[in-house]
Each structure stands twice: as structure tokens, then as C-alpha cells.
Novice: 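Below you will find the structure I want to go over with you.
Just so you know, these numbers come straight off a predicted model, no measurement behind them. Note that the numbering runs from 1 along the sequence shown for the chain.
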Amino acid sequence: MTQNDSNTTNTGAAQGTTKLSAADDFRRRLSEVRPTRWVRFAIVSVIYLAWVAWMGNWWLTLVLILLFDIYITGYIPFTWWKKSKSSVTRTVMGWVDAIVYALILVYFVFAFVGQNYQIPSSSLEKSLLVGDYLVVDKMAYGPRVPQTPLHFPLVQNTLPIINTKSYIDTPQLKYHRLKGYSEIKRGDIVVFNFPAGDTVAVKVQNPDYYTLLKLYGRDAVQGNPDSFGDIIYRPVDRRENYVKRCVGLPGETIAIDKGVISIDGVAQPQPADAQFNYYIQTPRQLTDADWERIGVSVDDRHEIAVTAADSVNVRALGFTINPDGTVPPIYFTPLTDAMRKIIADEFPGSRTMQQVAPGGEFLFPDGVSEGWTRAEYGPLWIPAKGATIELTPENWAIYNRAIRNYEGHADAYIDSNGTVYIDGKPAKDYTFQMDYYFMMGDNRDNSLDSRYWGFVPEDHIVGRPVMVLVSFDKDKGLFDGKIRWNRIFKNANP
């Protein structure tokens, strides 16, 4: 027996390694695995199984087979390059391997845990400032399973420099949200995908596509690619990210009277940092240092050019004219109550007059909002999951976008007799499939929000800002206060 074994070994040495059976090869691979690989596989498996349980889809456990091969058996030669004789190949593939692992990790962290966002506009000042970089918690309200799973994780929808889509449209997964540890409450600052961002004119994205249609007409926008660019569609989770304050919850009726929000007929307290547009008249010209003390950014410092010839209009606004006929400086700027107090205390004799919100704005909903302004708005009922409404022409004007665009009934319409058709059949009522929210900016007169483009569906909700990571003042130099040190690690959702 010993002699036979010896002969077999010698024959193998002469002819090459003896081919093992599948079972023997499997046992050999297991025997060669270092204990540390088993430990790493166990840790990864526990984390992965916890994620599968959170997802609620046990078919995903099949991926454990792949993980077992990556860490233990190694049938798939993922690390073939480590055995290459070329040092260049080993170096390049080493970097590729590290980058791929990093991107996969970033993908899962950004999709299910949290992400950083920058505040690009002043719609939430003074709560959040232009130049704030936020950490957004996606687990707070429950992370969405990516609806567009094939996307580059470090950009929202467009790859920089080459300006092409950063995602592949198919496959598109059905909306599903994992369980979070809290629900959206009134007053929460929320990050969400822009509901009116489903259709985009590539060259003119501000104002949005639907506002462009109101301004110029459909034929002009769609038939003029040189000015407006291609018209494209974006999936829900690849639409631009917005951040606003939730002021209305599903099933509530919201109204605004003289700038004060009422919910179901009850007036709500204003956020401490709520701003409104004011005309202010000061005894003397304000300097940059004065504006700094008041807290007004450079972009919001607007001086009104007036002369003695404008005396009637100046007096009509409640402002004064000097005895010699000159007019003390008048400015137009957004102010909080605290900022108005600074002006009154530091510039005695100043006058402030709140701007009357103009009418004729493109307010939501079309056909119903005639006579409304951003300060005199509603009442408007916010849809709630499971709630049923009667489909009247007025209700259709308010809720047709939710029914058609957000809830997937693209062929729903109303005929000339006022009959609503959904999925090709006449319908007298409709039951909503999702919750909706009403979002507004704290900079009330300088915020394009739900008053202009409507409700935010639950499948558009991204997460809750929890912390200002760092903040940069674009009006300052690097050694002149550009970094707002007092905002670093500040609570972004007080």
C-alpha cells in the first residue's frame, strides 16, 4: 500500500499535479484557509444577514454563496492579478481593487445610512446657511431601497466634466422604504427629491421645466433645444435634492393668513429664524460692517434708488423725506424679528415696512390658486395614505399630479363633461396610496417651495439633516472669516 502511494506520487510529479475530484478540491481549499479569513467571513456574514433582515427579502441570502467564495473557497479568481509576474499589473490592479471596494462601501453607506449635502440657496436662512455642509441621516425616517440601483454613488444625476448621466435607467425597482427610528414631524427640516424635477430642460434647470412651460409655452420649450437643451426624464431618486421645513403633515389642512401658517384652523408658531421681506429706511447709509452686525448676506443687500421725484411713493410706503428734499436710504432685504430689533436698537429713527406679497404668482395648484399669494394661501388638504376623495373638477385640479405622476396612473384624465377617468375607467373617487407633506423654507418670501410646486410624496423623502459638518461663507476670504467656526458640528435640525 505504501509502495502504491509512492508510485502514485512519483507519477504525479512526472506528469503534473494529479487532478482532484470536486469534493477533494473543496476539502483542500477549506483546509488551506487561514483562521483570520474565517473570522472576517463570519463578521461580514453577520452584518450582511442583519441587513437582509432589515430589507425583509430573504432571497438576498443567496449572496452568501458569493461571499463564501470570496473569503473561503476562491473558485472565482477575483485576485488573479496578485499572481501576475508584472509589477505594473499588480500595482494598477491593487489600486483598482481598493477603489472598487471603496465605491461599494460608499454606495451602501450613502444609500442606507447617511450622506453629506451642501446648502446651495438661501431658502432656509437663517436656520441653515448657504455654504453649510450637512450630514443627512437616512435611517431616521427609514432609508429607501435604491429605485435606480445602477448609479455612481458620489454624484446625484450628472457626472462632472463630461456632463453625462451618472445612472442607468433600467432596472427601476418598486418603491420600498425600510423601517426607521422616527417619523416626520411638523417642524422637521427634511431633505427630499424635488417633485417637479421629473422632467428637466438640461440647459435651463432654474426655473424648473413646468415653470418654463408657464412662462414660454410647451412648443417654445420643447422646440428650442439651442436655448433650453434636451428634455429628459429623471427617476425619483435621481432628482435634485431639496431641503425645506415640513409645515404640513398627511391628512391636515393648511392655510396661510398674513404669513402665519394654520393647521386645521389652528395658528402655528413661527420658527425663530423665519424671515420675511422688508423695506427699511435708515438715517444714514449702511456700511458692510453694519450689514455684518445685522446679519444680512451680500446677496440680500438691495438699496432702492429713490429721488425727491419719488416722494409720493416714498410717503405711501410710510417712509420719510428730509427737509431739504433728499430721501434717506431705503433698502429691501429679508429680516428675522431678531434682525429687526438690531436695526431698531443700533440705528435709532429707522423704519421698517413688510413687503406685501404680490399676486399673480405661479402658485400651486393651477386653476384653484387664483387670488392666493404666498402670504394668503389655501386652505388646502394634504393627501394621506388610505384617504379617499371625491373626484370633482376642483379636486382633480388639486390632486391630478399626485394621481398621475406620483402614484402611477399616467392615463388618468378629466373629460369635457367633468368626468374623471383612471386606468381607462370612469372614477367617482380615489384612494391615495402614499402619504404627502407640505414643505416650506424659513426664508418665507424667497423660497420656491410647496406653495409653488405642490406636495412632496413619501417616496421622495431622503432623510433628516442632523449636523453641520463645516460651513463656508462665500462672501469672505480664507483669512477673513470664510470658515464659520461657530457652525461646525452645529445641530442642523434644532
Novice: Inspect the contact between R374 and E361 and indicate whether a charged nitrogen and a carboxylate oxygen are less than 4.0 angstrom apart.
Specialist: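 Salt bridge present between E361 and R374.
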
Novice: Do the charged groups of D132 and K490 touch, with an N to O distance under 4.0 Å?
Specialist: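 Answer for the salt bridge query: no.
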
Novice: Using a strict threshold of under 4.0 Å (side-chain N to carboxylate O), is an ion pair present between D169 and R238?
Specialist: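 So R238 does not pair with D169 through a salt bridge.
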
Novice: Does the pair D273/R245 count as a salt bridge with the N-to-O cut at 4.0 Å?
Specialist: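 No, no charged N to carboxylate O under 4.0 Å.
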
Novice: Quick one: do the E458 and Y406 side chains pair a donor with an acceptor below 3.5 Å?
Specialist: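 There is no such pair (donor and acceptor under 3.5 Å, judged by atom type) between the side chains of E458 and Y406.
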
Novice: Are any of the side-chain nitrogens in D449 or R451 under 4.0 Å away from the carboxylate oxygens of its partner?
Specialist: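 A salt bridge links D449 with R451.
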
Novice: Count the heavy atoms belonging to other residues, nucleotides or ligands that lie under 6.0 Å from CZ of F332, then report whether that count exceeds 12.
Specialist: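 Yes, the 6.0 Å shell around CZ holds more than 12 heavy atoms from other groups.
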
Novice: Rounded at 0.5 Å granularity, tell me how far OG in S471 sits from CG in L128.
Specialist: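 Answer for the OG-CG pair, S471 versus L128, is 9.5 Å.
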
Novice: Do T336 and K126 have a side chain donor and acceptor closer than 3.5 Å?
Specialist: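 Not at all, the side chains of T336 and K126 share no donor-acceptor pair under 3.5 Å.
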
Novice: If only side-chain N and O atoms count, and only distance matters, is there a donor-acceptor pair under 3.5 Å linking Q433 with Y430?
Specialist: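 Yes, because at least one side-chain N or O of Y430 sits under 3.5 Å from a partner of the opposite role on Q433.
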
Novice: Regarding Y233 and R239, do their side chains bring together a donor and an acceptor under 3.5 Å, going by distance alone?
Specialist: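 Side chains of Y233 and R239: pair found under 3.5 Å.
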
Novice: Counting only N and O atoms by type, is there a donor-acceptor contact under 3.5 Å from the side chain of Q205 to the main-chain atoms of V202?
Specialist: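 Judged by distance alone, yes, a pair lies under 3.5 Å.
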
Novice: Give, for atom CZ of F152 and atom OG1 of T164, the distance between the pair rounded to the nearest 0.5 Å.
Specialist: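 F152 CZ to T164 OG1: 11.0 Å, rounded to 0.5 Å.
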
